Structure formats: structure tokens, C-alpha cells
Number of protein chains: 2
Amino acid sequence: MTEKVGVTSYDVARRAGVSQSAVSRAFRQGASVAPATRARIVEAAQALGYEPNAIAQGLITKRSNLVAIIISNLTNLYYPEVLAELTQRLSQHGVRVLLFSLAAESDVEEVLGQVWRYRVDGAIVAARLSTEQLSAFANRGVPLVLYNRIGEGVPVASVCCDSDLGERALVDGLVQAGHRRFGIIGGPADSYVGEERANAAINRLAHHGLKAEFVRGQFDYESGGEGLKTLMARTDNQLDALICVNDLMAIGAMDTARNIIGRKVPGELSITGFDGVSPATWEAYQLTTIRQPVRRMTQAAVAMLLERIESPDISPEQRVFAGELLSGRSARLL
Amino acid sequence: MTEKVGVTSYDVARRAGVSQSAVSRAFRQGASVAPATRARIVEAAQALGYEPNAIAQGLITKRSNLVAIIISNLTNLYYPEVLAELTQRLSQHGVRVLLFSLAAESDVEEVLGQVWRYRVDGAIVAARLSTEQLSAFANRGVPLVLYNRIGEGVPVASVCCDSDLGERALVDGLVQAGHRRFGIIGGPADSYVGEERANAAINRLAHHGLKAEFVRGQFDYESGGEGLKTLMARTDNQLDALICVNDLMAIGAMDTARNIIGRKVPGELSITGFDGVSPATWEAYQLTTIRQPVRRMTQAAVAMLLERIESPDISPEQRVFAGELLSGRSARLL
DNA sequence: CTGTTAGCGCGTTCAA
DNA sequence: TTGAACGCGCTAACAG
């Protein structure tokens, strides 16, 4: 049972007294091998510590069983859950994950270069891709599924959480509960979900004949506090509802409201988030937010990708999932 | 410039009017190619959209430039940061990351099977490995670096954050500030860091002639609250200091202390954590904890791994880093 | 059912 | 400096 390095199918063949191709077949599903032969081969393989070389397999079958996952900012607090789900689901289907995490958006080009070289079977991307980059996937025949993004200008398969539905639920609840002076903390201008959610909120407020003050944040804790301060200054401290496009900023805003500015939440100021990350449910926050159905979304992403790997010509499809309203206690809703 | 699929070095060779091996050389460092020829080749490659096939390269050079990262629970709130750092650092060295995330510890065996098949050049592991599993790496000649774990019984390269130093700083501070009734919330029995930190705290308390009540948690938010309740019940509500072996449980305990049990923190109860995750620094918590030097640790892990890939016979080394005491405001220290 | 043969795309001798 | 030839470890026809 001494496992050794570099055991090949030839070594196994020799020990089992068969040909190399017999060994190959013995390790493939439903290949024609006599049960007795297969048994001898498996035994020999075990004794030698043989592990089929996936690299060599990939070279010849043109299927690496590798999928690239590209995520811009892993530290987002929301992505770890997504990443864990994705890798585990892919794993169940015999697919390995090649992970690329971007320090800066400008690293995308370099990352894509690596993606091509490894001949991945497909990719799941939660980062901003240019039209050219999107077409590069198409040209190379690499199936692609975008996560919480859509192909701008180019049709691409994607899974998203519905920003309109989500913000609508929050805005309607806030308006009906009597809030009138709204503030919104958006994301960086180059963030797709950030813009989506902010616009959704603005549009829904307009539908009620209301306007809102708007500032941008960076999706992080600090942005929440700073955004709130800015908005308060701009509105003469008259803000009574703050809509943040993600939970982390909402949490930062709550802390600032309570501990720095001295506003009761939700008594004097209602605050909402988006995502449903775990800290949102902590006692100290009980955030009113929209929880993304991560499990269903990741499941869909994986399913879509695998489908496209099997049948590359399936037409692009967008799957948009409704989030769940977590009433929480950071906002007065009706 | 129409990128096409499956462009090989032969295609480039034909277009540039050279041999395939010339193309190969043109893409390698310091191979002997006439500048003029290289230029022609590069041009042809560009025109065809040629990307060297890393799979084929790996097959022949026996270097996949792939490193496996195995992490048990990605949702730990502490690991995302580690993972992002690791992948980015490895990326800078031209190494790709094959990510494996475990749903259950029992998945390790299966994961290792995949690791062998992909002929990774090395692995960084933050999960519990048995002695046999550790030797499997050695037998197969796959360099291994453990993260926040050590090889129990087998010498293995590893990077850790010093539990003794960390807990000593916390315990000493608490004792000197007058705390006497201690409680400890540990991790699951099978967690290495959990046991390390709990034992470190217990030993240091013993050094001061003090004992502590002990319960186990699961490293999650809920465990903190439940652990605190259990300890309170056991001590007739006399607890005045609670040591949690990670931040998340400390945060859970703080919320429970303040909002459920009605104890002022740190006025009536001091609470400490370990890790230094970002929520620990949030206004609402300002946790007193030990921050792991993640950047230095990941840098060390990557450096150690790359060294061992270059020179497989380097002897195992443990690098233990001191954490930084974040005084915070959740505990009265001196 | 089994063995023989021919590549997959590339790096690497070895002569020229 | 360049090209011809070989082989990495394996799968996939194709005969037998």
C-alpha cells in the first residue's frame, strides 16, 4: 500500500497483466470490461496507489472538468457564502473550481488570460466584464454564467436577485408607514447591483411622488456612517428613512446613527439594507432588509453552467429571483 | 484578431513560417530564438489568438502551476480574508488556485482524491488532516503547508497565530483588572485552534491560581449567546469575565449579555474574543480581542509553499506569529 | 471483451 | 539559431 509518485496506467497494466487501454476502460463509466478483469485492475491500482492523471485526461478529452470562478471582492461578506455554495455544488458534479479573486477591477484582463490557458469548461463570474471580454468567452466557446450581473449589450446567461421587487417592498413599506424624507446610499458608480438597486429605489419613490437625497458609498461599513452623516448635513437633519443598497453600509449607518449622531433606530430613523448577510440578523441590528435566496441562486447558476457545458448552443437566459423581505427592527414598515 | 478556439502552436508555426518547436521556444524565458523570428511568431500568435495550453504544458513539464487550497468552513467570517490574500499572492507568482471547500470534515478523503488527480504542485490546508492523510502528501511528494494547524505526530510545515501569547495577554489583563469569576467558551472538540486557545486560557488562569467554567461552542454567533447563558446558570450569574475562543462567539455573547440577560458590557461583564475579524471593530462591539496578522501569515504560507515546491527536501518548519492585542471596549483590562 | 495504434498540445533533446 | 523526432499519460477508434 505504499503510495508512490508518478504511477501510470502502464504500471497498473503491467501488474494486472493487461494492456494499458484496459486500465483506462476499467476507470471509465460503462466501458466494456469483464468484471473479473476490472477487479484485477482495481486491485493492482490500489496496491500501487494509482490515481488517473486528470491533466492528461483533460488534454485528450478536451474536458478539464475545471470551472473558473471569478469574484471581484471576496471580502464582501456576502460572497463567501456564495463561493462555498458554488464550490460544493460543482464538486458534487465532479467539477473542480479554479478560483480567481481580483485585487482591482483592472486585473480582469490578466485573469482571463489564465482562464483561457487552463482550458476551463466554463466560468461563473461576479465581476464587471466589458463587452469585449464577454465576447471573448463566446468566441472561445467557453460557457459563462454571470452572478448578480447581466451582460450589458450582449446576451449572456445570468442569475440575479430582483432589485426592483426588493426595493419596491422596502420603499412601499416605508412610505406607507409615513416616512417622507428619504436618503439613499448607493454603491460605486461602476457596480451593477449598486446602480440597479439605487435606481429601483429612486423609481419607486418617484412612483409615490417622493424624491431622495443620494450619496455613493463603497459597500463597506465605513461608507454607511459617512453616507449618513453627509445626508444628514444635506437635509438639515430631517432624514427619516435611509435606504442602503447593501447590508454592510446599513449596519455602518445604524451604528453611526445610534452611537455617534444619537438618533434612535428605528424610532427616529428607519434604515434598510439589501443582501441578508448573517450579521444583519444579529440581535444588535435586526436589520430590515431583502435576503437574497443564495441557495436557489447558486443552484441555478451551477445548473445553467452545466447545461451549457453539455449543450454549448443553449440560448442565453436570465434567471431573476425574488428576495425575501426580512422585516427586522431597523425600520418601521407597514 | 478573431480569436478562435483550439489554436495550437502548430497553427502559429505555420503562419509564421517556422517549426512548432520554435513557437514553443518563443514563449519560454531565455530560450535561444532570434529576435526577428520571435517577433514574427508573436505577431502570428496574436493574430490567431493563440494561448499556450497550460494543461499540455503541465503534462510534459510535470508542473501544473496549480495549488490546492482546502478550507473546512468558508463561512467562518475569518477565512474569506485569508482566502483572498492567498489567491492574490499565489497569483502574483504565476500559480493558480484550485479551491476545495468542505461541507463536512468527512469529505476530506474525497477531496484529497481529486487533489492527487490534478497533480497540484502543492497545497495549503486549513482543515483537520489525519496522520495518514498527512503522510499521503509526503508519500506523493506534494508540498504542504498547514494554516492555523500543526501536524499532530508528523512534522509538517505550518503557520499559526500564537494562542498562548494571545490568551495570556487577555487573561493577564483581565486578572489585573480584578476579574475573578471566569467563563470560557471553547470550540468543537475536534478543532485544533479551539482546543489550543481554550487550553492556553485555562493554563494562564491556573498560573494566577484561578479556575474557569468551560463550555463548548461551534464557533458561530448562536454559540456565543447559548454558551453565556449556560455559564451564567452554572455560576449563579456570578460570571464577571468571559473568554471566547473566537470573535463570532464573543459577539454573540455580547448581544445576549446586553439585550437578553441585561448585563452591561464591559461594566458588569468583560468579554474577549480571538481573530480580529472586521465586525469586531464595529462601533456596536469594539471587541477586546487578539488580531491575527493575516497578511504576514498568508505571506509566510505562500513563501513557505513556493520554497518547498522549488526544493522539495526543505525540512518542515513551524512559523508562529504573535497576534496584536486590540484593547477595544468589551472588556476591562489593565 | 481485449489489445494495438494513433494522437491530444506541448517541451526538449539532438543534429544540422 | 533552428527543425525533426520523441514522449508526457491518457482516451478513442479499430481490429481481432
Side-chain angles (χ1 to χ4, degrees), chain A residues 4-42 44-45 48-66 94 114 116-121 140-141, chain B residues 4-42 44-45 48-66 94 114 116-121 140-141:
Chain A
K4 274 189 72 179
V5 70
V7 182
T8 80
S9 52
Y10 278 98
D11 301 328
V12 177
R14 196 173 315 121
R15 191 178 220 271
V18 296
S19 76
Q20 179 271 333
S21 62
V23 176
S24 173
R25 280 192 292 260
F27 278 83
R28 267 187 48 69
Q29 282 287 358
S32 57
V33 192
T37 335
R38 164 171 276 146
R40 288 220 316 288
I41 293 174
V42 169
L48 266 46
Y50 170 70
E51 302 283 354
N53 185 329
I55 297 294
Q57 289 180 167
L59 182 57
I60 186 164
T61 58
K62 294 176 184 304
R63 284 277 293 252
S64 58
N65 284 318
L66 248 33
Q114 296 304 323
W116 310 143
R117 294 162 103 93
Y118 277 89
R119 302 298 194 264
V120 299
D121 294 340
R140 291 199 159 70
Chain B
K4 275 190 70 179
V5 72
V7 182
T8 80
S9 53
Y10 279 98
D11 301 328
V12 178
R14 195 173 316 119
R15 190 178 221 272
V18 296
S19 74
Q20 177 269 331
S21 60
V23 177
S24 173
R25 280 193 291 260
F27 278 83
R28 266 188 46 68
Q29 283 288 358
S32 59
V33 191
T37 350
R38 162 169 278 145
R40 288 220 317 288
I41 294 175
V42 169
L48 266 47
Y50 170 69
E51 303 283 356
N53 185 327
I55 298 293
Q57 289 180 173
L59 182 57
I60 188 166
T61 59
K62 294 173 183 305
R63 283 277 293 254
S64 58
N65 284 318
L66 247 35
Q114 295 305 323
W116 309 144
R117 293 162 104 94
Y118 277 89
R119 302 299 194 264
V120 298
D121 294 340
R140 290 200 159 70

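Here is how names work: the chains are called A, B, and so on, in the same order as the sequence lines, proteins then strands, and each is numbered from 1. For clarity, every value in this text was computed on a predicted model and none was experimentally measured. Atom set for the values below is all heavy atoms of this structure, side chains included, hydrogens, waters and symmetry mates excluded.
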Subject >> hbond_proxy A:R25 side chain to C:dG3 base (donor-acceptor, 3.5 Å cutoff) >> reply: yes

**OP:** May I ask you to verify whether the side chain of B:S21 and the base of D:dG3 hold a donor-acceptor pair under 3.5 Å?
**Re:** yes

Original post:
Does the side chain of B:R38 reach to within under 4.5 Å of the side chain of B:R25, using non-hydrogen atoms?
Top reply: no

Subject >> Residues in salt bridge (charged side-chain N to carboxylate O under 4.0 Å, His left out) contact with A:R63, at least two apart in sequence or another chain >> reply: A:D121, A:E310

Subject >> Residue whose closest nucleotide on DNA chain C lies nearer the 5' end, A:Q20 versus B:R28 >> reply: A:Q20

Original post:
So which one's nearest nucleotide on DNA chain D is more toward 5', A:P52 or B:T37?
Top reply: B:T37

Original post:
Given atom CD of A:Q29 and atom P of D:dT11, what is their separation to the nearest angstrom?
Top reply: 13 Å

**OP:** Quickly work out the A:L59 CG to D:dA12 P distance and round it to whole Å.
**Re:** 12 Å

Subject >> Least distance between heavy atoms, A:I41 atom then A:V12 atom >> reply: O-CG1, 3.8 Å

Original post:
Contact class for B:F27 vs. all strands (heavy atom < 4.0 Å): base, sugar-phosphate, or nothing?
Top reply: nothing

**OP:** Have a look at A:V23 and say if it touches a base, only the backbone sugar-phosphate, or nothing, with a 4.0 Å heavy-atom cut-off.
**Re:** nothing

Original post:
Taking only side-chain nitrogens and oxygens of B:S9, does any of them come within less than 4.0 Å of OP1 or OP2 of C:dC10?
Top reply: yes

